[in-house]
Amino acid sequence: MESFRFWFATRHWEWSEEMYRMHGYSPGAVEPTTELLDSHRHPDDHDDLVARIVRAGDVGQSFSSRHRVLDTAGVVHSVMLVAGRIYDDSRAVVGTAGLYVDLTDTLAENERDTFGGAVA
């Protein structure tokens, strides 16, 4: 599973190797940023992931999202994102950490099962 951490004060991202690969990069090949993450959002998706991240930092809340990621080759990944809080020693929320679950293969299988054949 693809995992990440985001630190609110420094706006620093940490991505797992799988997270890099899902976006089409070799691990460590690019510096993960909020802008880079947003540049991979499918243009037809209206779920504003960046706004959810900013809100999580402003109010210290967990969040989730279902959206699509376009990797560097243009392949669409349907993903579910679940993010929780990172606390410091004083129990203040200082970041968010979570998982991306790539649902692409599962959704394609479900469509094949439902519609009895290949998906156009």
Side-chain angles (χ1 to χ4, degrees):
M1 248 180 258
E2 298 82 356
S3 62
F4 69 91
R5 288 184 184 192
F6 178 67
W7 305 97
F8 298 138
T10 61
R11 303 193 57 77
H12 175 74
W13 285 92
E14 298 172 12
W15 282 5
S16 68
E17 290 183 5
E18 295 86 0
M19 187 81 165
Y20 280 99
R21 287 188 188 102
M22 181 180 67
H23 286 84
Y25 302 106
S26 297
V30 295
E31 179 69 28
T33 65
T34 304
E35 294 76 22
L36 179 67
L37 189 70
D38 194 45
S39 75
H40 284 276
R41 181 171 45 134
H42 193 284
D44 294 337
D45 287 354
H46 300 287
D47 183 14
D48 190 349
L49 179 59
V50 172
R52 287 177 183 260
I53 294 165
V54 169
R55 183 170 175 209
D58 290 344
V59 297
Q61 80 181 77
S62 299
F63 65 98
S64 65
S65 174
R66 179 148 177 231
H67 59 277
R68 292 172 290 178
V69 171
L70 283 173
D71 69 18
T72 58
V75 175
V76 177
H77 301 264
S78 294
V79 300
M80 180 66 168
L81 162 66
V82 179
R85 302 171 186 103
I86 300 173
Y87 296 96
D88 67 9
D89 292 338
S90 68
R91 301 291 296 157
V93 178
V94 295
T96 186
L99 299 172
Y100 272 69
V101 180
D102 191 336
L103 303 170
T104 306
D105 292 340
T106 302
L107 293 173
E109 287 175 23
N110 287 344
E111 286 190 27
R112 277 192 299 275
D113 290 346
T114 300
F115 298 108
V119 178

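Because the structure is predicted, anything quoted here is derived from the model rather than measured. Residue numbers count from 1 along this sequence.
For the atom pair CE of Met80 and OG of Ser64, the computed distance is 4.5 Å after rounding to the nearest 0.5 Å. Distance check: Arg41 CZ to Leu70 CG gives 11.0 Å after rounding to the nearest 0.5 Å. Here the CG atom belonging to Asp71 is positioned 9.5 Å from the CG atom belonging to Asp102, to the nearest 0.5 angstrom. From Glu14, atom CD reaches atom CZ of Phe6 across 11.5 Å, with rounding to the nearest 0.5 Å. A distance of 4.0 Å separates CZ in Arg55 from CD in Gln61, rounded to the nearest 0.5 Å.
Transitive grouping of hydrophobic side chains (ILVMFWY, heavy atoms separated by less than 4.5 Å) keeps Phe63 and Ile86 in distinct clusters.
The nearest pair of heavy atoms linking Thr96 to Ala83 is OG1-CB, 3.3 Å. Of all heavy-atom pairs between Gly84 and Ser62, the closest is CA-OG, 3.5 Å.
Side chains of Val94 and Phe8 form no contact here, defined as non-hydrogen atoms less than 4.5 Å apart. Counting heavy atoms from C-beta on, the side chains of Thr104 and Val75 never come closer than 4.5 Å.
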Output side-chain donor-acceptor pairs under 3.5 Å for residues 19-28, partner residues at least two apart or in another chain, one line each.
unit_1: Tyr20; atom_1: OH; unit_2: Val30; atom_2: O; d: 3.4
unit_1: His23; atom_1: ND1; unit_2: Met19; atom_2: O; d: 2.9
unit_1: Tyr25; atom_1: OH; unit_2: His40; atom_2: NE2; d: 2.9

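Pairs engaging residues 68-90 under the ring-ring contact (aromatic ring centres under 6.0 Å, His included) rule: none recorded [sequence neighbours left out].
Counting non-hydrogen atoms of neighbouring residues, nucleotides and ligands closer than 6.0 angstrom, the CZ atom of Arg85 exceeds 12 such neighbours.
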Where do Glu2 and Trp15 land on the side-chain hydrogen bond (donor to acceptor under 3.5 Å, both in side chains) test, with the steps shown first? CA-CA 8 Å; Glu2 298 82 356; Trp15 282 5; over 6 Å; no
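Residues meeting the ring-ring contact (aromatic ring centres under 6.0 Å, His included) test with Phe4, sequence neighbours left out: Trp13, Tyr100. For the side-chain hydrogen bond (donor to acceptor under 3.5 Å, both in side chains) test, no residue two or more places apart in sequence or in another chain qualifies with Thr72. Looking at residues two or more places apart in sequence or on another chain, you find a side chain to side chain contact (heavy atoms under 4.5 Å, CB included) between Asp58 and Val54. Take Asp88 and apply the side-chain hydrogen bond (donor to acceptor under 3.5 Å, both in side chains) test, not counting sequence neighbours, and it matches Ser90.
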